[in-house]
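Okay, structure first, notes after.
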Amino acid sequence: MRKRPILLKFFLIFTVTIVVSSVLSGVLMSGLVQRYMLNTKQDDIVKSMGAIQELWVECLNAERNAKNSKGEWISETLQNQYLDSHRNLLNTLEQYDAFLGDEAYIFVTDTTGAVAYAYPRLQDDTPELDSAGHKVLPDDIMDKFIVQGEKVYLPNSAQFNRPLSQAKPLRDENDFYGLYKGRNVRFLTVSKRVQYIHPETKTETLGGVIIISVPIPDVVAARNTVVGYFVLSTIGAVILELLILSYFTKKLTDPLRELKAAAARVADGSYDHKIPVESDDEIGDLVESFNQMQDSLANLDRMRNDFIANVSHELRTPMTSIGGFIDAILEGVIPPEKQEKYLNIVRNEITRMNTLVNDLLDVARLQSGHTKLDFKREDVNQIAVDCVSKLEPIIREKGLNTALDFQTPEAYAWVDVPSVTRVFINLIQNAVKFTNSGGTITVHTCMVRGGVQVTVEDTGQGISEEDQKMIFERFFKVDQSRGLDKKGTGLGLSLVKNIMKAHGGSVRVESKLGVGSKFIFTIPAQELKQNRNEEEKS
Ligand code: ADP
């Protein structure tokens, strides 16, 4: 499979995030801008409506004054006054129309929806009002009006009934109930009822409705500008992101590349190349862990080599002497009466090699967990007594004293009897080996929290502090050129440690050169959880 570099992955993730968030905020912003602009436009419109309303109320009053109850003009002066106010209103509408933009429409209707005034003007406007030179409504809009006698009505009753029913201005953002249908643009239409105090009845009276429409495209243009800025800033952000990402991914991937190269070197068996830790983040931690792992691997490798060297050494020495003796016997160098002595030495060497190989296998099995231990609740005091009596002959032979010091008559623990016996035998044998005649070996037991603590104490030569750290290692012997009576493989304490580990216990040493040593181990009194689980499984 083709590899995708981290930079590419990050770039894709970040770019998608930036684009998505830009689009979202762009849509939101443009929506808000549109709303804001429409609101501002509406405010402008509503303000101009106030002036129109005043002039219109003037017209209404002038007409009322100028006509009698039959609807005839009372006098020419009054009629002219009325026409003046009428003209005045139309002029004002024209001014507002210019102010509101190219394609604005203003209608003033009475309460029945009949258009009283319009700008652009109704096509059949009164001739006395100097229609010439003024804008007139386009045919498509004019055709939609309903003409009845002299009056021209709005085509849809909702256009005047709805604003009449509410004090607040109404807003429409489409074609105002079909009035602007067929025009290419959408319109913002604000409609508001006209309310005034009737001069005679002195009550609030509805005069009609003022409707003003302006096209929305300029709002759309402003929104498009906002979107344009967003697109530009998104492109800028993506470029900036690419620069920042390439810088940071380089910082991230450089040590990873180094780690990869170092791992390849480790795989080839070379452990001496440490990677410098340059950052205090997770990558730094990883590099540090890698260096530690390299150290442990180097250590393991060294231990393995030492182990092979130790085993070879331990086997070669006895095999050389066995070979030498046998050659000497075969060649007749050793006279027949002395042969038995040498054959005994050969037998002892073979026994020792056998012990060594068995011990090695035992340690290996214990370490890998392949030894099946049979745990039971047993009295550790009893095991101690049995072991001491078993070793009684060699203890007596060396002229040593023994003592048993049990804090309680019985000390029950959860043990595999053969391996704990082996621990006792190893420790007591060591005590015998390293204690001069006249010395004393004491086995103490006591109950401690969680188990039984056993101490095998001797008054022997003791172990230096430096050696104490090493004695539990495989093949470690304090005195490498040991005397004949101190034969050993250096595996005994390693076995002890592994047996204790398998019991969930522990072992340690306390010793002073020339005074003696204490080997202290603790065995848990309760069944080990791991053993219980294994039993349940089986
Ligand atoms: P070995 O089988 O060679 O005795 P062990 O693992 O039992 O191997 O012991 C390792 C080394 O620890 C011994 O060679 C000896 O030097 C030291 N040692 C163990 N027990 C004692 C002791 N009781 N007194 C002094 N030294 C001891």
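As the structure lists them, so they are numbered: ligands from 1, and atoms in each ligand from 1. These numbers come from the heavy atoms of this one structure, side chains and all, not from hydrogens, waters or symmetry mates.
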Which ligand 1 atoms, with their elements, are less than 4.0 angstrom from a heavy-atom of G490?
-> 1 (P), 2 (O), 3 (O), 6 (O), 8 (O)
May I ask you to check if ligand 1 and L493 share an N or O to N or O distance below 3.5 Å?
-> yes
Atom CG of L188 and atom CD of Q34: how far apart are they, to the nearest 0.5 Å?
-> 10.0 Å
Determine whether any heavy atom of D458 lies closer than 4.0 Å to an atom of ligand 1.
-> yes
State whether K372 and D416 are salt-bridged, where the test is any N-O pair (Lys NZ or Arg NE/NH1/NH2 against Asp/Glu carboxylate O) under 4.0 Å.
-> no
With sequence neighbours excluded, residues passing side chain to side chain donor-acceptor pair (under 3.5 Å) with R257 = D254
Heavy-atom nearest neighbour of atom 7 (O) of ligand 1 within options N430, L356, T435, D467 | N430
Heteroatom distance test (Q461, ligand 1): nitrogen or oxygen, under 3.5 angstrom = no
So, the side chain of T459 versus the backbone of T440: is there a donor-acceptor pair under 3.5 Å, distance only?
-> yes
Counting each atom of ligand 1 from 1 as listed, which ones have a heavy atom of G492 under 4.0 Å away?
-> 5 (P), 6 (O), 7 (O), 8 (O)
salt_bridge(R422, D359) N-O dist < 4.0 Å = yes
Look at ligand 1 and say whether F472 reaches it with a heavy atom at a distance under 4.0 Å.
-> no
Out of curiosity, is K433 lining ligand 1, as in a heavy atom under 4.0 Å away?
-> yes
Ignoring hydrogens and angles, write down the donor-acceptor pairs under 3.5 Å from the side chains of residues 512-525, residues two or more places apart or on other chains.
from	atom 1	to	atom 2	distance (Å)
S517	OG	S511	OG	2.9

Would G460 count as a contact of ligand 1 if the rule is a heavy atom under 4.0 Å away?
-> no
How are the rings of F375 and H503 set to each other: parallel, tilted or perpendicular (split at 30° and 60°)?
-> perpendicular
Name the option, out of I428, V496, I471, that contains the heavy atom nearest to atom 12 (O) of ligand 1.
-> I471
